Amino acid sequence: MTSIYYKKINEMKKVFIEGAIQPGFVAEAIAKHQSKKNIGAHNIFLGQIRADEVDGKQMNAITYSAYEEMAAEKLHEIREDAFAKFNLTCMHIYHSLGKVKAGELCFFVFVSSKRRKQVYQATEYLVNRVKSEVPIFGKEIFASKEFQWKVNV
Amino acid sequence: MTSIYYKKINEMKKVFIEGAIQPGFVAEAIAKHQSKKNIGAHNIFLGQIRADEVDGKQMNAITYSAYEEMAAEKLHEIREDAFAKFNLTCMHIYHSLGKVKAGELCFFVFVSSKRRKQVYQATEYLVNRVKSEVPIFGKEIFASKEFQWKVNV
Amino acid sequence: MLRIKYFGVMAEVARCDEEKLALKDKSFSSLISALHEKYAIYNLPVQVAVNRKIRKQNENFNLEENDEIAVLPPFSGG
Amino acid sequence: MLRIKYFGVMAEVARCDEEKLALKDKSFSSLISALHEKYAIYNLPVQVAVNRKIRKQNENFNLEENDEIAVLPPFSGG
């Protein structure tokens, strides 16, 4: 039981990032895979905050919170399913917590494989499952300081 | 005619990179999109050189060359087709020329869109068309200094 | 007493991230009734998780003292 | 005289990146015949581009002095 517990804690650490995900963080993640010489193809999804207008009000930022313990369990399940479904070498999922401003990155999914065939589909699968099944909550903040709770479409 | 000529020259400059594509270059490309506040989703494909074994010999690197003028024209056509086919905000394609070692990146396709739905498919479309239609030639170099010309499968 | 965690808009409805509720018995249906009485959750698009698993609101089973209970609005990551 | 560019393995077969060839006439079929005589291109998986467009080897049309001609092995980018 102890080792499973630590494994989960480790996964939690890896997933959530305080504030925006920086382009340099993406570069570091890519660089870490250059020693893996059986990888031929990477696919990366990045979610960026749009400055949408809602009823004439401009969105400035999203503040994210999460039920982290449940998120860690769910992400573990999603990862296992993706490894079973697709032929992947590595898989990484990162999501912001706290405030992320328009133009900044909040979500980073990274899959690697020997060949390119399945990487696009694997990324799409992970992105969709994280968005629909992982308990993360976004609060959209407007320039006026008003807010509304984000709903995924 | 002059402006079309300069446009093509500019596209050539943008596509081919001498040697490996660095993770920091990918980060810079991402960072440049943070001022575009109508973008919600990015998808990135990266091709990495594998150290494959062929008949017991280990591949060390690929040396790329290209028919650059024709490549520029073909890439222009592929880009136009992709913009017509998918709902994209931006699209960037980079490929290495010269020597790229195993573990390094040789190919970088980057698409951005308001919403995520089409980005995976757009990336896959671009990757496949570049691989099959753009006159780029890879020479696989083995540890033994022997070589063979790469064939795309 | 059961400890209940609230997330997202539900933490604003409850005006807290976590509270203790006394139930008449330890059944899941009593918990759902108590949450509805206090926060009208039948009218909210929320789900209830017990020990990190979403349970249907019409399920019936017994809860234990240190079960981890959470009321969750729609997920909106990404 | 027509200028011909060679790429990839074809540059190794021709032992140069570019050369000038004299043809008996300026037709595309004469060019293909001359390339076959010199490099046996019917036995190689190569394509011929004129002014950056791939042409079928059995097409027939006239070439001009400053047409850009290139002999290309299979593409293997990525």
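Below, read A as the first sequence line, B as the second, and so on, with proteins coming before strands; counting in each chain starts at 1. Source: prediction; values computed, not measured.
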Atom group of [X] that falls short of 4.5 Å from chain C, counting heavy atoms:
{"X": "Ser132(A)", "value": "backbone"}
{"X": "Val130(A)", "value": "neither"}
{"X": "Glu133(A)", "value": "backbone"}
{"X": "Phe107(A)", "value": "side chain"}
{"X": "Lys150(A)", "value": "both"}

Measure from the ring center of [X] to the ring center of [Y] and say whether it is less than 6.0 Å.
{"X": "Tyr6(C)", "Y": "Tyr39(C)", "result": "yes"}
{"X": "His92(A)", "Y": "Phe108(A)", "result": "no"}
{"X": "Phe16(A)", "Y": "Tyr64(A)", "result": "no"}
{"X": "Phe86(A)", "Y": "Tyr125(A)", "result": "yes"}

* Side chain from CB out, backbone as N, CA, C, O: work out which of these in Pro73(C) comes under 4.5 Å of a heavy atom of chain A, or both, or neither. => both
* Structure fact -> Under 4.5 Å to a heavy atom of chain A? For Glu12(C) that would be side chain
* Should Lys5(C) and Tyr67(A) count as side-chain neighbours, where that means a heavy-atom distance under 4.5 Å? ->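 Yes, close enough: below the 4.5 Å cut-off.
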* Asked: Within a strict 4.5 Å, meaning less than it, do heavy atoms of the Glu65(C) and Lys26(C) side chains meet?
  -> yes
* Asked: Using a cut-off of under 4.5 Å for heavy-atom pairs, which of Gly47(A), Pro135(A), Cys106(A), Gly138(A) has the most such pairs with chain C?
  -> Pro135(A)
